[in-house]
Colleague: 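Pasting a structure below so you can have a look.
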Amino acid sequence: MTISAERPTETAAGTAAPAGPRRVSWTNRPGWMSQHLGTALVLAFLGYLLGHWWGNHIAGNYHYINGASGQNSVADFLALLLMVVGWLVGIGALNYPIAKLFGREAVEEAPAKGMSRYFRYTLDHKVVGMQYVVGTLLFLFTGGLLAMAIRTELLNPTVHIFNPGTYIEIVSEHGTIMMMMATSVVVGPLGNYLVPLMIGSRRMAFPRIEAFSFWIFSAGYMVIFSALFYGGFPTGWTGYAPLQNQAGPGMISYLFGFAVIGMGMIAAGFNIAVTIINYRAPGMTWSRVPMFVWSILATASLLTLATPVLFSAGLFGILDHVVLTSLYVNEHGGSSYLWENLFWFFGHPEVYIMALPGFGIVAEIVPVFTRKPLFAYKVAAAGMMGVALLSFFVWQHHLFQSGINPDMRPLFMLTTELISIPTGFIYLVGMGSLYKSKMRLEIPMLFSLALYFNFLIGGITGVFLSDVPVNVTVHGSFFVLSHFHYTIMGGLIFAFMAGLYYWLPKMTGYMMNKKLGLWHFWTMFIFFNMTFFPMFIIGLLGQPRRVFEYAHGLQGLNDFSSISAFCLGASFLLFFWNLMYSMIINPKKAPANPWDSLGLEWQTANPVPLYNFERIPVIVTEPYRYSEPGAPAYADFGGGGSDGGSSGAVGSSVEE
Amino acid sequence: MTDTYKDSTAPNATPEEREFEFRSHIGSIWTGGRLAIGVATFMYASLAFAYFYLRSSNNSHLWRIPGQLAPLYYGWTILICMLVMAGLGMYGHSRLRKGFTNDFQVAGWTGVAAGLIALFFQIWELVVLPFYPGSSGYASTFVAFVVMNIMTIVFATYWLETAVARSLRLRKELGGTRPELSSAHTARSFRANVSSMSYYLGYVGIISIGFFLMFYVQ
Amino acid sequence: MNNEPRHMRRIVTAWVIASVIGDLLWWFLVGPHIPPGNMTESAHWNQFDFNVLAVTAIPVVFMVWLWMGYALVNWRDKPGVPDPVGGEAAKAPYRVQAAWISITSIVVIAAAIYGTVALIGDHGSGGGEGPNPVWAPEGAVAANTAAIQGKATWSPAGHQPLVVQVIAQQWKFTYRYPAFGGMETSRLILPVGTDVVFDVTSLDVIHDFWAYQLSVKADANPGVNNVAFADTHQTGQFMVRCDELCGIWHGAMYNSGRILSKTAFMAWATKTEAQNASNTKYLPPFAWTYTPDANGASGGLYPDGNVTPYSPYDTYGAKQPAS
């Protein structure tokens with residue numbers, strides 16, 4: 001009995017052994033027969049029809065399912081389910097799982113070239129990142145348009161543009177689409193694109209799960225968008241239960257949409273967490289991991305562990321609608337509180353899923369533009385992990401007035417306020433980094449500073465909300481609405497913009513136009529604050545959320561807010577114009593390292609080759625050793641395989 | 001869990017780099033397996049939460065209509081089949097580590113068969129339920145449990161089946177060398193996968209006992 | 001290094017001055033106008049609470065803003081600014097980190113303790129406390145129990161708490177006064193100088209009873225009794241809004257209420273009770289539902305009779321206070 005010889009060549013042969021005709025995937029087959037976005041759309045459409053027919057076939061005669069509305073929930077659900085399945089089959093997501101049933105492993109394939117790979121089930125994390133950029137911007141744009149509609153309706157307290165049903169439909173779709181977008185807006189595009197580059201890896205741990213996460217995320221867009229054609233759902237993004245059971249077929253789109261997006265979130269978080277844990281380059285100990293990667297690790301853990309609860313909650317809701325269980329129906333032994341608990345048990349970690357990546361981006365960007373080491377690195381990492389951990393223990397602060405566990409309110413008040421301690425770490429890090437720095441106010445830095453400005457307001461008002469006596473007045477009012485727009489939009493979206501301006505030169509090879517960028521930044525910053533700050537006052541003055549009629553005395557403030565909101569929308573048009581202009585109309589080639597960053601992602605060739613690194617880098621020191629004469633480069637690329645790490649000296653190559 | 005290694009070994013990777021990436025790959029299988037248990041735990045925890053929450057609130061006195069119970073024989077059959085699947089998966093893994101691929105394959109195929117039987121009965125049970133889904137809190141959570149259990153059985157059986165199928169094909173790919181003995185990367189990757197799988201199956205076994213007690217024992 | 005301005009001293013001085021001014025302005029100019037005002041005891045204390053948090057928050061906000069502003073002015077990449085320090089010297093001083101962490105922790109924990117004291121001391125601060133209120137004004141729980149059993153009374157003399165049942169449905173509020181024969185009104189009228197017990201419930205979906213100026217907010221859950229308290233201080237008009245999305249006309253679900261003097265209230269109540277007597281005699285003085293129960297008109301949900309019979313009082317109120 002011999003142990004087979006350890007010969008590298010043979011191992012390599014074992015790796016690529018099944019050469020020849022045993023192709024597992026069709027994704028790269030040329031021509032219209034191959035699997036791409038087109039086939040996915042066709043199969044999704046066919047799946048939708050099939051599901052609808054099937055549902056009507058098996059349940060068309062059940063009056064208690066059809067109900068008074070004449071809608072058949074079974075058919076509605078099966079249509080959406082088979083639509084998603086068809087979409088996944090069409091894009092080729094199931095090829096590999098099916099091949100595995102026959103014991104096959106993936107075959108090394110020549111990667112697709114050119115634009116076509118962006119429309120396929122591509123396994124390159126950089127392609128998935130770019131797909132996510134487009135996908136999340138699509139979500140953002142849809143949600144933004146709906147927000148414009150909301151603000152239009154609120155221009156006048158009594159004269160209506162939409163009827164109340166349409167208005168609630170718009171509000172609910174806006175909330176849900178934006179929440180779905182916000183869960184993935186950084187982890188999807190920037191996380192997928194940058195994490196392997198920043199940890200010095202050539203790949204993700206599970207590229208197929210990664211590609212799956214994007215394609216099911218885009219399927220989620222179709223599902224939630226379909227609600228508009230079903231008359232929407234009246235529950236807002238929180239989907240509270242008796243109303244949920246009362247609602248029409250659009251509710252199924254909401255429940256199933258969250259379940260589908262949830263699967264995407266689990267898949268994305270799973271892959272990224274495993275990658276960060278296992279694929280760090282040699283020498284990258286936990287104290288040398290870039291801050292952005294820390295934040296994405298914390299986020300990915302939350303995504304992986306909290307989202308299953310959302311999935312279950314959505315599943316329960318679907319069962320209530322489709323097979324008429326009574327999980328959320330008080331009268332039949334269920335409980336509407338069950339939904340509130342499950343939803344918020346997911347919902348609060350979700351809030352930090354939407355905050356932590358923003359912290360990571362600014363912590364990554366600030367040292368570059370202050371030319372200083374990050375202040376208190378370990379505190380920052382501890383802050384992020386601390387927030388992630390604590391976020392599992394605060395969910396009932398959404399339910400202070402609900403009558404659930406009133407005696408637990410002091411406890412949840414305490415845990416909620418404790419979260420401001422690790423959040424405060426992020427401020428310590430940011431503010432400390434400014435001390436005696438040499439700040440360069442490039443666009444990414446401006447957006448980062450704006451995050452510190454906005455999130456401060458959002459965070460402090462969060463303390464007000466967590467205080468039960470004050471909560472009595474502000475709960476469910478425009479105050480809370482403004483609070484979470486300050487944290488999610490003022491925090492995450494500003495950070496996302498900072499990240500795009502900062503990393504797009506890496507991702508696309510072209511610089512964003514600075515002049516347009518400045519216009520974009522200042523309009524967005526000013527009009528964001530002008531839109532949402534008045535809402536604190538509106539809320540304090542007694543306007544509840546999601547209303548289409550309000551007190552006459554509040555019209556002035558509401559109009560101010562609405563008009564600012566239109567300007568804010570226009571600033572997003574500026575952003576899209578900048579994107580078009582800088583990337584397509586008048587592209588300016590970016591220097592290899594436009595911001596003089598020491599980060600690993602900037603040390604790769606541009607455009608990034610398929611396998612990222614010529615040689616796997618060896619990390620030799622801490623990140624962020626700026627302004628330190630004689631500091632070693634962050635990574636050793638083994639014999640000048642790259643341009644070499646830049647030294648710590650200041651030397652701007654940015655074109656002013 | 002072996003979704004991983006093949007398609008991106010850089011063409012110019014040095015043997016050292018390949019070994020380094022391979023270690024990361026093995027680590028990913030380990031971490032991924034445990035994380036999958038974490039995902040499943042949170043999912044089942046929300047079901048258990050629903051169960052105990054509805055049970056303790058007993059809204060409208062309808063947590064459970066007296067005498068209402070899911071078909072016990074089905075419950076036992078499913079439980080035993082799932083335990084057999086889990087046990088055989090773990091047993092197969094231990095035999096594989098000792099070098100007996102055939103034992104692993106026989107145990108694996110038997111386990112897959114047990115999983116399929118469990119799946120069949122779990123689905124068929126819905127047909128013979130003596131209550132309708134919305135009749136009580138218990139009935140509702142039971143239906144939710146059935147759906148979740150179907151997903152679990154499908155996933156566990158799938159994982160076991162792919163592992164066994166892989167072991168058969170691997171032998172051909174390795175040119176007759178037995179997968180438990182080869183040091184080829186594919187074989188090591190396969191063994192890591194089986195190891196993660198056996199942990200997961202053990203978890204499934206525990207879960208199935210716990211939820212059997214909750215739902216079938218009055 | 002001597003030419004280097006003393007940054008910290010400048011910033012701290014500016015911060016102290018700004019914070020003191022900001023806090024004083026807030027406390028004396030803005031604070032008294034912060035909602036919900038002074039109409040009830042809890043409104044007063046919740047306003048006070050808001051202002052305490054505000055004067056705590058203002059220095060924090062000013063600190064960050066001043067720091068950022070100062071940095072933007074002085075520590076920019078422009079001629080004359082020295083290169084930042086790198087290497088060991090740029091490491092974050094341990095004492096700064098420790099100070100930051102301990103100060104934030106102290107502030108945060110103090111805020112939590114203060115909030116808890118305010119919550120308990122003010123009998124739940126007007127928030128919904130579920131079917132078994134944990135912190136209640138004296139005598140309120142007993143009065144509520146009596147009302148649930150249909151034995152409520154109220155008179156202007158003495159300090160008897162008044163029990164009002166708030167019934168929300170799509171899309172209106174109905175107020176039922178068990179002490180006055182279970183009369184129902186669509187406007188909430190209350191006496192001044194009285195502990196009011198609100199039993200908030202809903203007939204369909206989740207609503208939220210928000211009496212804005214009274215600083216009362218309690219979710220109206222179907223089949224659940226969510227109790228909140230208010231101690232009325234001033235007469236006048238107040239606003240009631242639904243604060244939980246309850247369907248398409250959620251935005252139109254509001255009405256107003258009034259606090260009257262005790263005698264005026266008594267006169268109004270007696271008159272209304274007499275007017276409504278012909279209807280109220282068919283209605284229970286207190287109930288969590290209008291829907292037929294399992295023993296009700298439809299003959300019960302289960303023809304096999306397996307549902308344990310129960311009385312109207314412990315139906316949906318399986319968790320009601322023990323009588």
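In what follows, chains are A, B, ... by sequence order, proteins preceding strands, each numbered from 1.
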Colleague: Between C/V61 and A/L456, is there a side-chain heavy-atom distance shorter than 4.5 Å?
Modeller: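 A side-chain contact exists here, since the closest heavy-atom pair is under 4.5 Å.
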Colleague: Can you tell which of A/P469, A/P406, A/S477 has the highest number of heavy-atom pairs within less than 4.5 Å of chain C?
Modeller: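 Of A/P469, A/P406, A/S477, A/P469 has the most heavy-atom pairs under 4.5 Å with chain C.
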Colleague: Is it the backbone or the side chain of A/Y435 that comes under 4.5 Å from a heavy atom of chain C, or both, or neither?
Modeller: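 For A/Y435, backbone and side chain are both near chain C.
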Colleague: What part of A/T473 gets closer than 4.5 Å to chain C, counting heavy atoms only: side chain, backbone, both or neither?
Modeller: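 For A/T473, the contact with chain C is made by backbone and side chain together.
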Colleague: So which of C/A112, C/G126, C/C242, C/A218 has the largest heavy-atom pair count under 4.5 angstrom toward chain A?
Modeller: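 Among C/A112, C/G126, C/C242, C/A218, the one with the most close pairs to chain A is C/A112.
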Colleague: Below 4.5 Å from any heavy atom of chain A, which atoms of C/F48 appear? Answer side chain, backbone, both or neither.
Modeller: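 Neither the backbone nor the side chain of C/F48 comes within 4.5 Å of chain A.
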Colleague: With side-chain contact (heavy atoms from CB on, under 4.5 Å) as the criterion, how do A/S336 and C/I206 come out once you've worked through the C-alpha distance, each side chain's angles and the decisive distance to 0.1 Å?
Modeller: CA-CA 9 Å; A/S336 54; C/I206 298 180; 4.3 Å; yes
Colleague: Show me the pairs that pass side chain to side chain donor-acceptor pair (under 3.5 Å) and involve residues 99-128 of chain C, at least two apart or across chains.
Modeller: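 Of all non-adjacent pairs touching residues 99-128 of chain C, those that pass side chain to side chain donor-acceptor pair (under 3.5 Å) are C/D49-C/Y114.
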Colleague: Would you mind checking which part of A/L243 comes under 4.5 Å of any heavy atom in chain C, side chain (CB onward), backbone (N, CA, C, O), both or neither?
Modeller: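 Backbone plus side chain of A/L243, per the 4.5 Å heavy-atom cut-off to chain C.
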Colleague: Examine whether an atom of C/Y212 lies under 4.5 Å from a heavy atom of chain A, and if so say whether it belongs to the side chain, the backbone or both; otherwise answer neither.
Modeller: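 Side chain of C/Y212 only, per the 4.5 Å heavy-atom cut-off to chain A.
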Colleague: Could you measure the distance from the CG atom of C/D204 to the CD atom of A/Q246? Nearest 0.5 Å is fine.
Modeller: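 Reported value, rounded in 0.5 Å steps: 6.5 Å.
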Colleague: Which region of C/M253, side chain (C-beta onward) or backbone (N, CA, C, O), has a non-hydrogen atom less than 4.5 Å from a non-hydrogen atom of chain A, or is it both or neither?
Modeller: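 Neither part, no heavy atoms under 4.5 Å.
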Colleague: Can you tell me which residue among A/M439, A/E442, A/R440 is in a side-chain contact (heavy atoms from CB on, under 4.5 Å) with C/D77?
Modeller: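 The option that passes is A/R440.
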Colleague: Is the A/F548 ring parallel, tilted or perpendicular to the C/W249 ring (thresholds 30°, 60°)?
Modeller: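 Perpendicular: the ring planes of A/F548 and C/W249 meet at over 60°.
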Colleague: Measure C/Q170 against the heavy atoms of chain A and call it side chain, backbone, both or neither at under 4.5 Å.
Modeller: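 Contact with chain A is through the side chain of C/Q170 alone.
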Colleague: Sort out for me which of C/V134, C/N46, C/V216, C/V200 touches chain A most, counting heavy-atom pairs under 4.5 Å.
Modeller: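 Looking at each option in turn, the highest pair count goes to C/N46.
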Colleague: Do any N or O atoms from the side chain of C/K217 and from the backbone of A/Q401 form a donor-acceptor pair under 3.5 angstrom?
Modeller: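 Here the side-chain-to-backbone pair does not exist.
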Colleague: With side-chain contact (heavy atoms from CB on, under 4.5 Å) as the test, would you mind laying out the steps for C/W67 and A/L434 before giving the verdict?
Modeller: CA-CA 9 Å; C/W67 181 266; A/L434 298 184; 4.0 Å; yes
Colleague: Quick one: closest heavy-atom pair of C/V108 and A/S420, and the distance?
Modeller: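 Nearest pair, atom of C/V108 first, then A/S420: CG2-OG, 3.5 Å.
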Colleague: Checking A/F233 against chain C: side chain, backbone, both or neither under 4.5 Å from a heavy atom?
Modeller: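 Answer is neither: A/F233 stays 4.5 Å or more from chain C.
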Colleague: Checking C/Y70 now: which residues fulfil ring-ring contact (aromatic ring centres under 6.0 Å, His included) with it, not counting sequence neighbours?
Modeller: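 In terms of ring-ring contact (aromatic ring centres under 6.0 Å, His included), with neighbours along the sequence ignored, C/Y70 is linked to C/H7, C/W75.
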Colleague: Under a 4.5 Å cutoff for heavy-atom pairs, which residue among C/W135, C/Y94, C/W45 has the most contacts with chain A?
Modeller: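 The candidate making the most pairs under 4.5 Å is C/W135.
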Colleague: Pick one of side chain, backbone, both or neither for C/L72, based on which atoms fall under 4.5 Å of a heavy atom in chain A.
Modeller: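 Both parts, backbone and side chain.
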Colleague: Which residue out of A/F425, A/F369, A/Y550 racks up the most heavy-atom pairs below 4.5 Å with chain C?
Modeller: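 Greatest number of close heavy-atom pairs with chain C: A/F425.
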Colleague: Of the non-hydrogen atoms in A/P544 and C/D243, which two are nearest, and what is the gap between them?
Modeller: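 What the structure gives for the nearest pair is CB-OD1, 3.1 Å.
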Colleague: Taking C-beta and beyond as the side chain, do A/V547 and C/H250 meet within less than 4.5 Å on heavy atoms?
Modeller: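 SC-SC contact between A/V547 and C/H250 confirmed.
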Colleague: Is A/I457 close to chain C through its backbone or its side chain, or both, or neither, when contacts mean heavy atoms under 4.5 Å?
Modeller: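 Answer is side chain: those atoms of A/I457 sit under 4.5 Å from chain C.
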Colleague: Rounded to the nearest 0.5 Å, what's the gap from CG on C/D83 to OG on A/S437? Could you check?
Modeller: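 Nearest 0.5 Å value for the CG-OG distance: 11.0 Å.
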Colleague: Of the backbone (N, CA, C, O) and the side chain (C-beta and beyond), which part of A/L441 lies under 4.5 Å from a heavy atom of chain C, both, or neither?
Modeller: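 A/L441 touches chain C through side-chain heavy atoms alone.
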Colleague: With only heavy atoms counted, which part of A/E549 is less than 4.5 Å from chain C, the side chain, the backbone, both or neither?
Modeller: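 The answer is both parts of A/E549.
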Colleague: So which of A/P164, A/P373, A/G476 has the largest heavy-atom pair count under 4.5 angstrom toward chain C?
Modeller: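 Of A/P164, A/P373, A/G476, A/P164 has the most heavy-atom pairs under 4.5 Å with chain C.
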Colleague: Is C/D219 in contact with chain A via its backbone, its side chain, both, or neither, using a 4.5 Å heavy-atom distance?
Modeller: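 For C/D219, heavy atoms of backbone and side chain both lie under 4.5 Å from chain A.
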Colleague: Working to the nearest 0.5 Å, report the span between CG of A/D407 and CD1 of C/I120.
Modeller: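 Spacing of CG (A/D407) from CD1 (C/I120) equals 10.0 Å.
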Colleague: Could you tell me which of A/N471, A/D467, A/I168 has the largest number of non-hydrogen atom pairs under 4.5 Å with chain C?
Modeller: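 Winner by heavy-atom pair count: A/D467.
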Colleague: I'd like to verify something: which residue of C/V227, C/N221, C/V81 has the highest number of heavy-atom pairs under 4.5 Å with chain A?
Modeller: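 Winner by heavy-atom pair count: C/N221.
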Colleague: Which atoms form the tightest heavy-atom contact between A/G542 and C/W210, and what is the distance?
Modeller: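 So the minimum-distance heavy-atom pair works out to CA-CH2, 3.6 Å.
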Colleague: Please rank A/F453, A/Y427, A/Y240 by heavy-atom pairs under 4.5 Å with chain C and give me the top one.
Modeller: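 The candidate making the most pairs under 4.5 Å is A/F453.
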Colleague: With heavy-atom distances below 4.5 Å as the criterion, would you say the side chains of C/L245 and A/R545 are in contact?
Modeller: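 No, their side chains stay 4.5 Å or more apart.
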Colleague: Any idea which of A/T235, A/T370, A/I537 has the most non-hydrogen atom pairs under 4.5 angstrom with chain C?
Modeller: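 So the answer, after comparing A/T235, A/T370, A/I537, is A/T235.
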Colleague: Of all of C/A220, C/G247, C/A118, which one pairs up most often with chain A through heavy atoms under 4.5 Å apart?
Modeller: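 Of the options given, most contacts go to C/G247.
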Colleague: With a 4.5 angstrom heavy-atom cut-off, is it the side chain or the backbone of A/E622 that approaches chain C, or both, or neither?
Modeller: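 A/E622 has no heavy atom closer than 4.5 Å to chain C.
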Colleague: Side chain from CB out, backbone as N, CA, C, O: work out which of these in C/A228 comes under 4.5 Å of a heavy atom of chain A, or both, or neither.
Modeller: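 Neither the backbone nor the side chain of C/A228 comes within 4.5 Å of chain A.
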Colleague: If you count heavy-atom pairs under 4.5 Å between each of C/E244, C/R76, C/Q97 and chain A, which one has the most?
Modeller: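 Ranked by contacts with chain A, first place is C/R76.
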Colleague: Let me know if A/I460 has heavy atoms under 4.5 Å from chain C in its side chain, its backbone, both or neither.
Modeller: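 The answer is the side chain of A/I460.
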Colleague: Heavy-atom cut-off 4.5 Å, strictly under: side chain, backbone, both or neither for A/R546 against chain C?
Modeller: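 Both backbone and side chain.
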